[in-house]
Amino acid sequence: MRPLLVVLHDRPLQSLRAAARFWEIAPTESAAELTGLLYPILTDAWQVALALERLGELADAAGRILAERRLALTPNEIARALGRDEGATIAVLRQLYVAGLLASEPSGEGPRVFLPNEVARVIQRLEHERSDPIGPDSPLPALFAQLTDHELLELAERYGLAVIPSVTSRDQAVGYLVSRLADPTVLQRVCRGLSPRAQQLLTHLESRRAPLPLSELVRDRRWTFGELRRAVIELARCGLIWRTGEGSTRCLMVLPALILGTSSTPTLQPIDAVSVTTQAPSHAAVLDLLLLFACLLRSGTAWPRDSRPSRPLAAAIAHQHWFWEDARDPLVYLTFLRRCAGSLGLLTPRGELARPRLAAWLGASFAEQQRRLFRVWSATVDPRDRELLTALIRQLRSLRVGAWYEWNEVVRESLAGSTAFEREETHLQELEWFGIVQRGRTPAGSRAIRLTPWGSWTLGILRSAPHIDTRALLETENGLKLELSTLTPQITWIASLLGTLQSSRPVPTWLLAARTLQDFVRMELRSGWFALSLADLPAAVIQLLERALGSPLPASWRETFRAWLAHSRPAIVRPALAVRFTSTSDRDQARALLEKVVESIDPLDDLTLLVWLPEPRARSAIETVLRKGGFLVELQDPAGTNRPTKR
């Protein structure tokens, strides 16, 4: 038997990704990050119980046998213990392995499987609870006996107890929790802070007024497995639901005190007669982010963190129409987007585009980009008011989609009557930029908001993204038009590099011209972003646009592109450094050193190397490498010769 962490670290990345798909974890390219995400799930009794119910009775029985024996067994040995066919047993063991609950090791008899230590202990705990279940009418102390020391103290701390590790006892925590969970006011406040999906699940459980089999809950088509396990964990960590059993069936029951109806949450009253003050596309923020990236690439400059945009970038932006045309201060809006891009890892701290991350970002839909953008924004907001923002978002989740509310009332209710919210205007503006809320004015002139369908999906209330109009139009300066029924991030990115956005509403329209295509070619020669073939440049540009569109261009468009680029014959001028040595052997030794730090190096004669400089800092790197290699470097003026000599 081996520890779970060791087993996960030994798994290949592809296997970890499969486990992440089973648990519906957001995908990532880092094996270490996936291990860190999977470990707390696989050691949590609630989530393991849900997984076993999802995989079925045979998986549950196989896990029970492995947990009892605490040995590595062959599939045939497990099949005999179960009294089942070996083929069916292998199939269910494979499912357990994919989920991350099972590990394998080679042996002379073939592969053996076993449960990692932590998983075996969790399954043994679940079996003990099933053999000695707590009843729906059990007193609170009996419920708390089901928890480990860590879980009990964590629950007590969640309800306000100042826990001192190794000092606070179980009896102290139990006494405190009994008083808190018996208070309807406390329970009401806790229920009001739940996410919308957790509130829906709690309401469903209360309506039954009886324990609910976990198998029935897992089969409920209204929930994906990921949504269900997240909602269950949220309720369990607040002590609102508990595990019990009816015969051999694992069940879930609601905290008895909640049957009195304390989970009902007060709601704000909608208002009428509101005039709309702003209106922008729901996905304006993600569209503008792509436009900003295109301007960065076209300008050939970076935008370092905590600085203003450079003059070339500011000039590129000035000639670009933005989807969010109602931003009162464009620089504030663009700085907001730049901050979000940095948090997403799409821009480096120096403000350069992160190519691998951006490639993955372009492959996501607008809806997925929007949700990621909102998550990273809400997670990286100023720590001083993060708690206040969390409360505000919870309050927004309780609003009726499309109904108007007084903004000040939303703020007061989310902060439990307090009006001290220094950055409320900033957060309102940013929530509006994300398309989560729409702003309006009451007849009295006060601010009003309404939760948009797009915002409802972003906040996790709707299960699927609402439909948005993603039509677009490409035009050329000689009058050609190409109507697009669906605009994608890839098309937005390529169109913004090949042309300029002429208008954003009602239909986004890009104008492609000979000048913009030639500017794109110069940009590509400078950056090498798309690695286009220069042998047939028009064909390369046409193929680039066709890949983004997902269909061939009309013949008239191809002819136009070829005509515009007919005289675009690239000539690349690159700076180089001539380095002269005192002997051919020194030259060859230095070449072996320099090939590790420069892209291209060529001998000019028996004593001289011609080193191409890929970037301004390369010269200092070359000097450093030569000095470390034992050369004494003498720098001369451009009219002279650099002649390194051996010490």
A.B. asks: Go through Gln124 and His128 one step at a time and tell me if the side-chain contact (heavy atoms from CB on, under 4.5 Å) criterion holds.
C.D. replies: CA-CA 6 Å; Gln124 286 178 327; His128 173 73; over 6 Å; no
A.B. asks: Begin from the C-alpha positions of Glu127 and Arg250 and carry the test salt bridge (Lys or Arg N to Asp or Glu O under 4.0 Å) through to its verdict.
C.D. replies: CA-CA 9 Å; Glu127 288 307 305; Arg250 289 194 189 95; 2.9 Å; yes
A.B. asks: Mind checking whether Arg69 and Ile65 have side chains closer than 4.5 Å, heavy atoms only?
C.D. replies: yes
A.B. asks: For Glu57, look at atom CD and say whether over 12 heavy atoms of other residues, nucleotides or ligands are found less than 6.0 Å away.
C.D. replies: no
A.B. asks: Between Ala448 and Ile271, which heavy-atom pair has the shortest distance, and what is it?
C.D. replies: CB-CD1, 4.1 Å
A.B. asks: Under a 3.5 Å cutoff, is there a donor and acceptor pairing between the side chains of Glu430 and Trp377?
C.D. replies: yes
A.B. asks: Take Leu255 and Ile241, measure what side-chain contact (heavy atoms from CB on, under 4.5 Å) needs, and give me the verdict at the end.
C.D. replies: CA-CA 5 Å; Leu255 183 71; Ile241 58 172; over 6 Å; no
A.B. asks: Show the nearest heavy-atom pair for residues Asn117 and Pro3, with the distance to one decimal.
C.D. replies: ND2-N, 3.7 Å
A.B. asks: Closest heavy-atom contact between Leu4 and Pro116?
C.D. replies: CA-CB, 3.7 Å
A.B. asks: Does the side-chain contact (heavy atoms from CB on, under 4.5 Å) test come out yes or no for Leu240 and Leu194, once each step is laid out?
C.D. replies: CA-CA 11 Å; Leu240 302 178; Leu194 296 171; 3.9 Å; yes
A.B. asks: Test Ser195 against every option in Gln200, Arg230, Glu234 by the side-chain hydrogen bond (donor to acceptor under 3.5 Å, both in side chains) rule and name the one that passes.
C.D. replies: Glu234
A.B. asks: Quick one, Leu55 with Leu96, criterion side-chain contact (heavy atoms from CB on, under 4.5 Å). Give me CA distance, side-chain angles, the key distance, then yes/no.
C.D. replies: CA-CA 8 Å; Leu55 295 176; Leu96 287 166; 3.6 Å; yes
A.B. asks: Are the side chains of Trp407 and Arg439 in contact, using a 4.5 Å heavy-atom criterion?
C.D. replies: no
A.B. asks: Quick one: do the Glu406 and Ser446 side chains pair a donor with an acceptor below 3.5 Å?
C.D. replies: yes
A.B. asks: Of Leu451, Leu396, Ile436, Leu399, which is the lone residue that meets side-chain contact (heavy atoms from CB on, under 4.5 Å) with Ser456?
C.D. replies: Leu451
A.B. asks: Does NZ or CZ of Arg243 lie under 6.0 Å from the centre of the six-membered ring of Trp46, at an angle within 45° of the ring axis?
C.D. replies: yes
A.B. asks: Find out whether Ile468 and Gln370 are in side-chain contact, i.e. whether some heavy atom of one side chain is under 4.5 Å from a heavy atom of the other.
C.D. replies: no
A.B. asks: For the pair Trp324 and Trp433, name the ring-plane relationship: parallel under 30°, tilted 30 to 60°, perpendicular over 60°.
C.D. replies: perpendicular
A.B. asks: Angle class for the Phe434/Phe336 ring planes (parallel below 30°, perpendicular above 60°, tilted otherwise)?
C.D. replies: perpendicular
A.B. asks: Return the minimal non-hydrogen interatomic distance between Ala51 and Phe22, and the atom names on each side.
C.D. replies: CB-CE2, 4.0 Å
A.B. asks: With a 4.5 Å heavy-atom cut-off, do Trp361 and Arg372 have their side chains touching?
C.D. replies: yes
A.B. asks: Using side-chain heavy atoms (C-beta onward) and a distance below 4.5 Å, is Ser282 in contact with Phe366?
C.D. replies: no
A.B. asks: I'd like to know if Arg2 pairs up with Asp10 as an ion pair, taking the criterion as any Lys NZ or Arg NE/NH1/NH2 lying under 4.0 Å from an Asp or Glu carboxylate oxygen.
C.D. replies: yes
A.B. asks: Side-chain contact test, heavy atoms from C-beta onward, threshold under 4.5 Å: evaluate it for Ile449 versus Leu431 and give yes or no.
C.D. replies: no
A.B. asks: Which pair of heavy atoms, one from Arg192 and one from Gln199, lies closest together, and at what distance?
C.D. replies: O-NE2, 3.5 Å
A.B. asks: Provide the closest heavy-atom pair for Leu152 versus Phe144 in the form atom of the first, atom of the second, distance.
C.D. replies: CD1-CB, 3.9 Å
